[in-house]
Amino acid sequence: MAKTKIKDIILNPDTKREYFSPGNATCQGCGLDLALRWAMKALGPKTATVSPASCANVVTGLWPKSAPQWPWFNMAFAASAAAASGMKHGLVAKGKGDYNVIVWAGDGGTADIGIQGLSGAAERNEDIIYVMYDNESYMNTGIQASSSAPRGTVTTTTPYGKDQKKKNIPMIVAAHNVPYVATCSVSDPMDLYDKFKKAKDIKGFRFIQILTPCPPGWRHEAQYTIRQSALAVDTGIFPLFEIENGILTLSGKSKRLHDPTKRKPIQEYYSKKNQGRFKLINDGLLEELEKDVKEWWSWIDRHLVYQEHLEL
Amino acid sequence: MTEPRFFEGPQKGNLAAAYAAMDADIDVVTAYPITPQTTVVEELSILVGEKEFLDRGQKTHYLRMESEHSVGASLVGASYAGARTYSATAGQGLLYMSEMVHWMVGARLPIVVSIASRGLTGGAWNIWADYGDIISQRDSGIMIQFLATHQEIYDSILMGFNVTEHRDVMLPLFPAYGGFVLSHTAMPVKRVPWEEAQKFVIPKKDEWDHIWIDSERPMMAGALIMPQNFYAEFRIKAHEAQLKALPVIKDTMAEFEKRFGRSYGNGLVEPYMADDADVLLIGYGSIAKQAEDAVDTLRKQGYRAGALRVRTYRPFPTEDILQYIKKTKVVGVMDRGIAFGSPTAGALSTDIMAVCQRYESTRDTQIVPFIGGLGGRDITYDEQIEQFKILFELKEKGEAPKKPYKMWGTYWTGLITGPDKVPQGDEEYFGDI
Ligand SMILES: Cc1ncc(C[n+]2csc(CCOP(=O)(O)OP(=O)(O)O)c2C)c(N)n1
Ligand code: SF4
């Protein structure tokens with residue numbers, strides 16, 4: 001993929017422009033805010049967004065103010081993939097098929113209550129981009145665990161730490177054999193930008209998961225958002241990749257992290273010093289978390305080994 | 001032009017609904033099957049590819065959704081884009097869609113969803129006529145109509161968009177008809193010729209007046225709104241729109257009658273021999289239509305009976321109903337659906353009791369609640385005669401007769417009971433069922 005440079009973004013007025021207005025109600029250091037700003041630089045304002053109940057619904061505007069400078073539709077919690085499907089067809093019917101239609105959903109709206117709609121839209125290969133900004137819990141309602149929260153996370157509904165591992169949503173979406181699946185991290189905005197740019201030009205169902213730290217929910221100071229998400233990538237906990245028509249390619253820093261010895265130790269990320277939500281992490285949990293990371297990468301390996309075989 | 005595969009003749013209620021939606025030139029239909037609605041969306045999947053419509057350049061998007069909640073959501077999404085949208089559901093499907101039903105109202109979207117009403121489940125599945133499903137959405141802000149004939153299904157859906165898309169209204173409409181009773185039986189139905197339908201149905205707009213998708217004029221919808229801001233006013237506006245829909249429904253009915261020679265009362269209520277009636281039986285759906293036969297019989301026997309069919313239930317046609325109630329002092333109200341724990345157990349009878357309190361002239365009217373036909377149980381013509389007899393007895397003796405099926409002030413017509421089956425204790429009673 002042609003790598004866009006920060007210089008290119010700044011020199012082009014269309015990408016220099018901020019579409020998600022400052023003064024919106026996100027907390028200091030909010031990952032979702034960063035993700036949305038960079039995604040919109042790639043997509044441009046001819047984008048209709050459908051966003052289910054989440055922080056995104058609240059921070060974008062308290063009526064009658066609104067921060068997005070492009071069409072934005074808040075939606076019922078379980079309903080965004082279906083609403084976006086209908087919206088795309090409605091736009092085509094009204095001669096406005098050139099609009100991007102995107103879903104901007106949290107991990108709860110994606111991995112839990114919205115998964116039926118997500119799967120339905122993926123199966124129908126609807127011409128939409130589904131974005132999951134993943135802050136790994138229900139933040140809007142005050143930090144409750146979602147199925148996308150990692151093992152051990154302390155939240156207001158898992159006061160003794162979550163027992164289960166994080167749900168692998170890209171794997172589930174990829175199993176629908178959709179044209180495009182990608183993961184990104186706000187620690188690498190250029191990679192995020194390039195992935196949205198690429199997704200924009202693909203037809204059919206596209207899915208992008210973004211790791212978006214949440215300082216109040218993860219219990220770290222606001223200035224460490226980038227450090228947290230960078231660490232998630234560097235430890236191999238959150239691999240960056242793309243799957244285009246079934247072919248998986250590692251991207252950004254994750255390219256060289258296929259080799260586990262190149263990764264930073266996961267203790268650096270899963271530590272109470274680093275993030276208060278991991279205050280109950282102990283050796284036993286770390287062992288299990290290590291296994292979870294391994295499992296995630298073995299799913300990636302299955303792609304890579306198979307693809308090697310294809311090339312032979 | 002390709003000759004239509006069907007234009008006139010015996011037709012099933014569900015297929016009449018599908019043709020009406022196509023003749024109203026819908027842009028988007030989104031679908032999920034549930035008995036007894038299923039054949040509506042099956043037929044539409046055929047019609048969207050039918051030569052008759054394709055030849056006219058009609059391009060209807062058909063979305064095969066994965067649930068009714070998603071049907072509701074996709075209708076909302078498409079309607080935000082300004083598209084004309086339609087779907088159909090029933091029973092559990094409507095309950096599952098409920099969150100989006102309320103959303104359609106809050107967002108003021110002119111969606112039409114027809115309902116082939118059926119029983120609701122919890123204790124046992126039931127798929128037969130019962131309006132408990134649509135009644136459960138009574139306070140959501142949707143407009144609700146009860147239809148009584150196959151032709152009325154076709155005509156009402158065709159007329160529907162003229163009401164929903166009217167500037168004063170902008171609310172969804174849910175026309176309901178009895179599952180199987182109308183959905184799966186066939187009676188003569190006549191379509192409106194396509195060109196005439198296009199002239200009758202409200203012209204399409206590029207976008208709605210209050211909501212649009214345009215990057216040059218970006219708007220946000222569904223934002224959080226604080227108590228001190230306009231939330232209350234927006235809700236009241238939707239109620240106002242309901243009331244403003246009353247004349248719009250009447251005007252649409254009058255215009256339809258002028259063009260095509262068919263009408264269903266004034267669109268709100270359909271009276272039958274109600275002007276000089278000593279007793280009046282009010283109801284809705286096909287049972288209310290059947291009551292007209294009972295009226296005929298009783299009139300022949302010298303009883304001045306009358307019937308009133310409530311066609312539009314939300315908005316509630318208060319004046320149109322009171323106009324007939326004022327003329328008589330004894331009124332029966334028949335519900336086919338149960339409103340658990342309400343004063344009469346019937347939604348319509350409770351409403352009618354309430355509006356009678358508005359005016360001095362109707363305050364002393366005797367309202368007799370009837371409930372029957374739950375879960376598709378037949379309401380026979382004989383039973384309706386009996387209902388009238390109860391009303392006449394009340395009128396003559398000043399007291400409503402005791403019946404084994406009268407409980408808590410409501411007559412439960414058609415209950416499994418009788419001389420040997422009177423519910424003495426729970427065990428015996430349920431044993432009979
Ligand atoms: C049907 C329904 N159930 C529950 C809620 C309450 N609710 C609103 S937002 C939310 C959590 C959102 O979590 P997520 O999708 O992870 O987004 P985040 O707030 O973390 O950004 C919940 C539970 C709702 N709005 N609708
Ligand atoms: S709670 Fe977290 S996700 Fe929500 S606005 Fe604040 S930082 Fe962002």
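For the numbers below, each heavy atom of this structure counts, side chains included, while hydrogens, waters and symmetry mates do not. Chain letters run A, B, ... following the sequence lines, proteins first and then strands; every chain starts at 1. Computed from a prediction, not measured in an experiment: that's the story for all the values here.
Heavy-atom distances place no part of B/Leu75 under 4.5 Å from chain A, backbone and side chain included. Of the two parts of A/Ala84, neither the backbone nor the side chain holds a non-hydrogen atom closer than 4.5 Å to a non-hydrogen atom of chain B. Looking at B/Leu63, only its side chain comes within 4.5 Å of chain A, counting heavy atoms on both sides.
A donor-acceptor contact shorter than 3.5 Å is absent between the side chain of A/Arg219 and the backbone of A/Pro215.
Considering only heavy-atom pairs separated by less than 4.5 Å from chain A, the leading option among B/Ala83, B/Ala223, B/Gly222, B/Ala221 is B/Ala221. Ranking A/Ala48, A/Ala93, A/Ala76 against chain B, the residue ahead of the rest is A/Ala76, based on heavy-atom pairs under 4.5 Å.
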Chain A/chain B interface donor-acceptor pairs under 3.5 Å:
{"unit_1": "A/Trp63", "atom_1": "N", "unit_2": "B/Leu224", "atom_2": "O", "d": "2.7"}
{"unit_1": "A/Trp63", "atom_1": "O", "unit_2": "B/Asn229", "atom_2": "ND2", "d": "3.4"}
{"unit_1": "A/Trp72", "atom_1": "N", "unit_2": "B/Met219", "atom_2": "O", "d": "3.1"}
{"unit_1": "A/Trp72", "atom_1": "O", "unit_2": "B/Ala221", "atom_2": "N", "d": "2.9"}
{"unit_1": "A/Asn74", "atom_1": "N", "unit_2": "B/Ala221", "atom_2": "O", "d": "2.9"}
{"unit_1": "A/Asn74", "atom_1": "ND2", "unit_2": "B/Gly222", "atom_2": "O", "d": "2.9"}
{"unit_1": "A/His89", "atom_1": "ND1", "unit_2": "B/His61", "atom_2": "ND1", "d": "2.9"}
{"unit_1": "A/Lys94", "atom_1": "NZ", "unit_2": "B/Gly82", "atom_2": "O", "d": "3.4"}
{"unit_1": "A/Lys94", "atom_1": "NZ", "unit_2": "B/Lys205", "atom_2": "O", "d": "2.6"}
{"unit_1": "A/Lys96", "atom_1": "NZ", "unit_2": "B/Ile213", "atom_2": "O", "d": "2.8"}
{"unit_1": "A/Tyr99", "atom_1": "OH", "unit_2": "B/Ser215", "atom_2": "N", "d": "2.8"}
{"unit_1": "A/Tyr99", "atom_1": "OH", "unit_2": "B/Ser215", "atom_2": "OG", "d": "3.4"}
{"unit_1": "A/Gln116", "atom_1": "OE1", "unit_2": "B/Tyr96", "atom_2": "OH", "d": "3.4"}
{"unit_1": "A/Gln116", "atom_1": "NE2", "unit_2": "B/Ser67", "atom_2": "OG", "d": "2.7"}
{"unit_1": "A/Glu123", "atom_1": "OE1", "unit_2": "B/Arg64", "atom_2": "NH1", "d": "3.3"}
{"unit_1": "A/Glu123", "atom_1": "OE1", "unit_2": "B/Arg64", "atom_2": "NH2", "d": "3.3"}
{"unit_1": "A/Arg124", "atom_1": "NH1", "unit_2": "B/Arg64", "atom_2": "O", "d": "3.4"}
{"unit_1": "A/Arg124", "atom_1": "NH1", "unit_2": "B/Glu66", "atom_2": "OE1", "d": "2.7"}

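How far CD1 of B/Ile202 is from CZ of B/Phe161: 11.0 Å, rounded to the nearest 0.5 Å. Here the straight-line distance linking atom CD of A/Gln144 with atom OG1 of A/Thr157 works out to 5.5 Å at 0.5 Å rounding. The distance from the CD1 atom of A/Ile210 to the CG atom of A/Asn135 is 11.5 Å, given to the nearest 0.5 Å. With rounding to the nearest 0.5 angstrom, the NZ atom of A/Lys198 is 8.5 Å from the CG atom of A/Asp194. One finds the CG atom of B/Leu44 at 5.5 Å from the CD1 atom of B/Ile26 (value rounded to the nearest 0.5 Å).
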Decide side chain to side chain contact (heavy atoms under 4.5 Å, CB included) for A/Thr15 and A/Asp8; before the verdict, give the C-alpha distance in whole Å, the side-chain angles of both, and the deciding distance to 0.1 Å. CA-CA 8 Å; A/Thr15 49; A/Asp8 308 329; over 6 Å; no
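Residues B/Val76 and B/Met104 have side chains in contact (heavy-atom distance under 4.5 Å, counting atoms from C-beta outward).
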